[in-house]
Peer 1: 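Before we start, here is the structure in question, set down as structure tokens.
All ligand and atom numbering here is 1-based and tracks the order in the structure. Index from 1, following the sequence.
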Amino acid sequence: MLEAEGWERLSTSSLRPLTSNLQRPLSHRRRPEPIFTAMASAHEPPQIPRVYPAREREVAGPPRDFASELNSEQAAAATHGEGPLLIIAGAGTGKTRTLVYRVAHLIDRGVAPERILLLTFTRRAAHEMLSRAERLVGSASTRVQGGTFHATGHRLLRQFGKEAGLPSDFSIMDQGDAEDLMQLARANLGFGKQEKRFPKKESLHYIYSRHLNTEHAIEAILESEFPQFVEYTREIVRIFAEYTSRKAERNLVDYDDLLLFWALMLEQSPSLADRITGLYDHVLVDEYQDTNLLQARILRGMCRAHANITVVGDDAQSIYSFRGASFRNILDFPKQFVNTKIVTLEQNYRSTQPILDSTNTLISRALERFTKQLWTQRGGAEPPWLVTCRDEQAQTRFTVDRILELHEHGTALREIAVLVRAGYMSADLEIELTNRKIPFEKWGGIKFLEAAHVKDVLAFLRVLENPRDEVSWYRILMLMPGIGDVTARAMMESMADRSWDPDAFSHFVPPPRARDAHKELAALLRRLRGARRGENADAGDASVGEDMDEIRALYDAVLAERYDRPEPRLADLDQLRVIAAGYPSRSAFLAAIALEPPQSTQDLGHGGYEEDDALVISTVHSAKGKEWDAVFVIWAVDGWFPSSRSLGDEDQLEEERRLMYVAMTRARNHLAVTYPLNVYATRRGQDYSIDQLSRFIDRGVREKMQRVVPQEPAAPGAAAPVPAPPDQGPAIDLRALLRGRFGG
Ligand code: ATP
Ligand code: MG
């Protein structure tokens, strides 16, 4: 459960402050007391400042009869008295809504809001829930203590840590800092100089964190996830000891400590435990299926005295086991808390019946499941679409066309989401949206073009295109083993002296340490340029994909050296290659991706989109708990979703199925699942492979869906390449023509 805050969506532009309800008419506002009294001058006797009381905010007509907004099971849960309560129910049945009403009910019943602790998966979720509660009971709800486990642990450690040997001025390390400290510990002990490969700092940190969050033995974690490092178990344990004492020496606290120290204060010191648990009368937790053992321990500790704990969740939506979460937590809850009242909900309020029919069928195949079939009164509407596309470009085209169609019919962009199994799968779509000036936000992953390794590869292409591009030169040079800042600068100076002529780099005489790197890089650059020389200076222009292969012959090794698990990054680069190959030339490709710096897509005031109206592209993990009017689940290809890494492991495959369930249950009215038939797989030594629809969309599920085949814009059979005359580029530009249809 690392970097819980970091998992939050990159953009918080739609985050409304808690105190956003300023809509009430002016006449309702009382004239406020003066806010500032004049400061006393040095000669005046000190004045006792008058305290200016905050005014209760008026909010429009709260419904006092909560029950009328909830069904009877929801109402029973919301108004439950004391003691443990478990709401375990499927997607969209109103669990989160019930929790909001329960907070409101508790306040209404006289529980002091600051004595309610609401734990959510992201800070944003807590904000959203509390601003909904505000509509029910007014501003008192803003005093509820809401946030993530990590943020709450942080607050408590600042308050009580001193009494547990932790000076209260500790600093928090983010994940990057923690990895660096792990690196220091490793270097200090002299590990990593072996002939054989030793775990890198990221892996060490991952193993450490996983051990703390799951309570699995270090050796067991190594055996199952890093068998190549089992022989280093003793060294790894020593590094962890060193890491821990370094943290202590420097008064540093990492994310895991925020949970662990909280648990330890509750478990090891009765007096501290009494004071901490004495802060809250009620503890409520959303998305409980994604908590881990450490969090369960914390909750047991927090509720020892009163057992006023409410947790809500859905075992069928447990999707964070890779971070140490366990859906056993929710199934075992009644064992942990005696006399738990269990509430199940089966009416779904989110999706139309045809969408539910498909998701019910999908999840009915799960091997283990507590929650039941869902039903809804939202009938009518058409079945979800299953869209077969020729290839990725066709998938992108369909998705964008359909988004524009929905938008033209009145759906705001922010009511539309495209969900992907992994961040890189939206690369082509992101570029197309950028080109068409359709604003989007990306949740749960950095935008593709901002990823460091993507930028690295692009830097090579950029210096080929523009030998004076110093930023890209510096980036490349710093990648090369043996070249550091001083050498890099000297190299760039010497190239500048030679007016950046394309061969300037080869002429540089490197210091001995950098000799190999220089030779290798010079050879690569020569090869890349050589391919373009010869009789026809432009003949090589069509081969930007091939350029990338050459670059990767060098760069993949750099990547593999940096990360123990370079695979997802390599997959990004595969994707980049496929995209690049779709452009007529290197310069066209570079120009296309440089069109809009990614963050500015949200600032676009033109194009007829309302301010703030941006489509959401999200990983399924980051879409948890959310809903949209229209949802696209793209790349429903076996090996992509489920991911190929899960195929050999039954538990992981089951988690992938739940992930697909989470994805499809986000839709209210429109759902489209798309998959390309031809997946260009350049690194598998072939042009493309014919791929299979995700195994989760089996026959039974397909029967609940509407098959859709997008019409191809170009006539089939016209694909034979007609060489364009040199210097003039292609006769027409299909992408530009298509773009023109939408005024781009
Ligand atoms: P998830 O499992 O995805 O987290 P959930 O069970 O938390 O879903 P909510 O997000 O609380 O479900 O509710 C889904 C939608 O249904 C929301 O738009 C919510 O406002 C609506 N809803 C829930 N219960 C009712 C109800 N009794 N009357 C009207 N609308 C409801
Ligand atoms: Mg919810």
Side-chain angles (χ1 to χ4, degrees), residues 63 65-79 85-105 118-122 124-133 135-136 146 148 284-291 310-320 325 327 330 342-353 355-356 359-360 362-363 366 369-378 414-415 417 419 443 616 618 620-631 633 658-669 671:
D65 178 18
F66 296 166
S68 68
E69 304 213 341
L70 301 174
N71 67 34
S72 57
E73 292 86 10
Q74 292 172 333
T79 56
L85 170 67
L86 165 67
I87 306 175
I88 181 164
T93 51
K95 297 182 296 296
T96 303
R97 180 177 171 111
T98 304
L99 212 50
V100 169
Y101 279 77
R102 177 151 178 74
V103 169
H105 167 79
L118 171 66
L119 293 163
T120 54
F121 210 68
T122 60
R124 172 200 280 247
H127 278 242
E128 278 181 11
M129 290 172 70
L130 292 179
S131 52
R132 282 198 254 157
R135 263 172 252 137
L136 300 173
T148 62
L284 302 96
V285 190
D286 197 7
E287 308 276 5
Y288 190 67
Q289 76 281 355
D290 285 319
T291 54
T310 302
V311 305
V312 317
D314 177 6
D315 57 306
Q317 293 185 70
S318 158
I319 54 174
Y320 272 96
F327 70 93
I330 194 164
I342 301 177
V343 173
T344 58
L345 307 169
E346 281 164 31
Q347 178 169 2
N348 174 296
Y349 289 87
R350 177 179 294 147
S351 312
T352 60
Q353 189 65 50
I355 292 177
L356 274 189
T359 56
N360 275 336
L362 179 115
I363 201 63
R369 181 168 77 109
F370 178 87
T371 45
K372 303 280 176 329
Q373 292 283 100
L374 304 177
W375 61 277
T376 181
Q377 291 178 336
R378 305 198 52 221
R414 89 182 85 78
E415 276 299 334
L419 305 184
W443 294 1
V616 170
S618 176
V620 183
H621 282 101
S622 294
K624 194 170 82 151
K626 302 291 297 180
E627 59 187 31
W628 289 271
D629 187 59
V631 168
V633 180
R658 296 191 294 266
L659 202 54
M660 183 62 94
Y661 179 66
V662 170
M664 291 172 60
T665 52
R666 298 307 95 199
R668 282 197 215 106
N669 292 308
L671 171 65

Peer 1: Measure the spacing between OG1 of Thr344 and CD1 of Ile88 and express it to the nearest 0.5 Å.
Peer 2: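 Separation between the atoms: 9.0 Å.
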Peer 1: Taking heavy atoms and a distance under 4.0 Å, where does Lys624 meet ligand 1: side chain, backbone, both or neither?
Peer 2: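 Neither; no heavy atom under 4.0 Å.
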Peer 1: Can you measure from CG (Leu374) to CD1 (Ile363) and round to the nearest 0.5 angstrom?
Peer 2: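 Interatomic distance, Leu374 CG to Ile363 CD1, rounded to 0.5 Å: 10.0 Å.
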Peer 1: Can you tell me which residue and heavy atom of the protein come closest to atom 15 (C) of ligand 1, and the distance to 0.1 Å?
Peer 2: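 Looking only at protein heavy atoms, the one closest to atom 15 (C) of ligand 1 is Glu627 OE1, 3.3 Å.
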Peer 1: May I ask you to list the atoms of ligand 1 that are less than 4.0 angstrom from any heavy atom of Asn71?
Peer 2: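 Checking each atom against Asn71, I get 27 (N).
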Peer 1: In terms of residue, atom name and distance, what is the protein heavy atom nearest to atom 10 (O) of ligand 1?
Peer 2: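 The protein heavy atom lying closest is Arg350 NH2, 3.1 Å.
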Peer 1: Taking the side chain as everything from C-beta on, heavy atoms only, tell me whether Gln347 gets closer than 4.5 Å to Tyr349.
Peer 2: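 Yes. Closest side-chain heavy atoms under 4.5 Å.
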Peer 1: Please state which part of Thr96 comes within less than 4.0 Å of ligand 1, counting heavy atoms only: side chain, backbone, both or neither.
Peer 2: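 The answer is both, backbone and side chain.
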Peer 1: Where is the nearest protein heavy atom to atom 16 (O) of ligand 1: which residue, which atom, and how far?
Peer 2: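 The closest one turns out to be Tyr349 CB, 3.2 Å.
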Peer 1: Considering only heavy atoms of Arg666, which atoms of ligand 1 have at least one such atom less than 4.0 Å away?
Peer 2: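 Heavy-atom distances to Arg666 below 4.0 Å select 3 (O).
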Peer 1: For atom 4 (O) of ligand 1, which protein heavy atom lies nearest, and how many Å away is it?
Peer 2: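 Answer, as residue, atom name and distance: Gly625 CA, 3.7 Å.
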Peer 1: So which heavy atom in the protein is nearest atom 20 (O) of ligand 1, and how far is it from that ligand atom?
Peer 2: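 Protein heavy atom with the smallest distance to atom 20 (O) of ligand 1: Arg97 NH1, 3.0 Å.
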Peer 1: For atom 24 (N) of ligand 1, what's the nearest protein heavy atom and its distance?
Peer 2: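 For this ligand atom, the closest protein heavy atom is Gln74 NE2, 3.1 Å.
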Peer 1: Which value, rounded to the nearest 0.5 Å, describes the distance between Arg132 atom CZ and Thr96 atom OG1?
Peer 2: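 Here the rounded value is 6.5 Å.
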Peer 1: Please state which protein non-hydrogen atom is closest to atom 8 (O) of ligand 1 and give its distance, to 0.1 Å?
Peer 2: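 Going atom by atom, the protein heavy atom closest to atom 8 (O) of ligand 1 ends up being Gly92 N, 2.9 Å.
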Peer 1: Measure the shortest side-chain to side-chain distance between His621 and Leu659 over non-hydrogen atoms and say whether it is less than 4.5 angstrom.
Peer 2: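 With C-beta onward as the side chain, the pair touches.
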Peer 1: To the closest 0.5 Å, what do you measure between CZ (Arg378) and CZ (Arg350)?
Peer 2: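 Reported value, rounded in 0.5 Å steps: 10.5 Å.
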Peer 1: Determine whether Glu346 and Glu73 make a side-chain contact, defined as any pair of heavy atoms from C-beta on separated by less than 4.5 Å.
Peer 2: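 Not touching, per the 4.5 Å side-chain cut-off.
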Peer 1: Taking a cutoff of less than 4.0 Å between a non-hydrogen atom of the residue and any ligand atom, is Gln347 in contact with ligand 1?
Peer 2: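 Per 4.0 Å heavy-atom rule, Gln347 does not contact ligand 1.
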Peer 1: How long is the straight-line distance from OG1 of Thr98 back to NE2 of His105, given to the nearest 0.5 Å?
Peer 2: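 If I round to the nearest 0.5 Å, the distance is 12.5 Å.
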Peer 1: If you measure only the distance, is there a donor-acceptor pair under 3.5 Å linking the side chains of Gln74 and Tyr101?
Peer 2: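 Their side chains do not contain a donor-acceptor pair, so the 3.5 Å distance test is not met.
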Peer 1: Which residue and atom name correspond to the protein heavy atom nearest atom 9 (P) of ligand 1, and how close is it?
Peer 2: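 The closest one turns out to be Gly94 CA, 3.7 Å.
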Peer 1: Any idea which part of Glu69 is under 4.0 Å from ligand 1, heavy-atom wise: side chain, backbone, both or neither?
Peer 2: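 It is the backbone that gets close, since no side chain atom is under 4.0 Å.
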Peer 1: Can Gly90 be said to touch ligand 1, with heavy atoms closer than 4.0 Å?
Peer 2: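 In this structure, Gly90 qualifies as a contact of ligand 1 - some heavy atom is under 4.0 Å.
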Peer 1: Nearest 0.5 Å, what's the CG-CZ distance between Leu118 and Arg102?
Peer 2: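 Result: 12.0 Å between the selected atoms.
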Peer 1: Which residue from Lys95, Arg668, Gln289 reaches closest to atom 5 (P) of ligand 1 through any of its heavy atoms?
Peer 2: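 Checking each option, the heavy atom nearest atom 5 (P) of ligand 1 is found in Lys95.
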Peer 1: Just let me know how Leu70 lines up against ligand 1, side chain, backbone, both or neither, with a heavy-atom cut-off below 4.0 Å.
Peer 2: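 Backbone only; the side chain of Leu70 stays clear of ligand 1.
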Peer 1: Taking the side chain as every heavy atom from C-beta outward, state whether Asp290 and Lys624 have any atom pair closer than 4.5 Å.
Peer 2: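 Heavy-atom side-chain distance check passes, below 4.5 Å.
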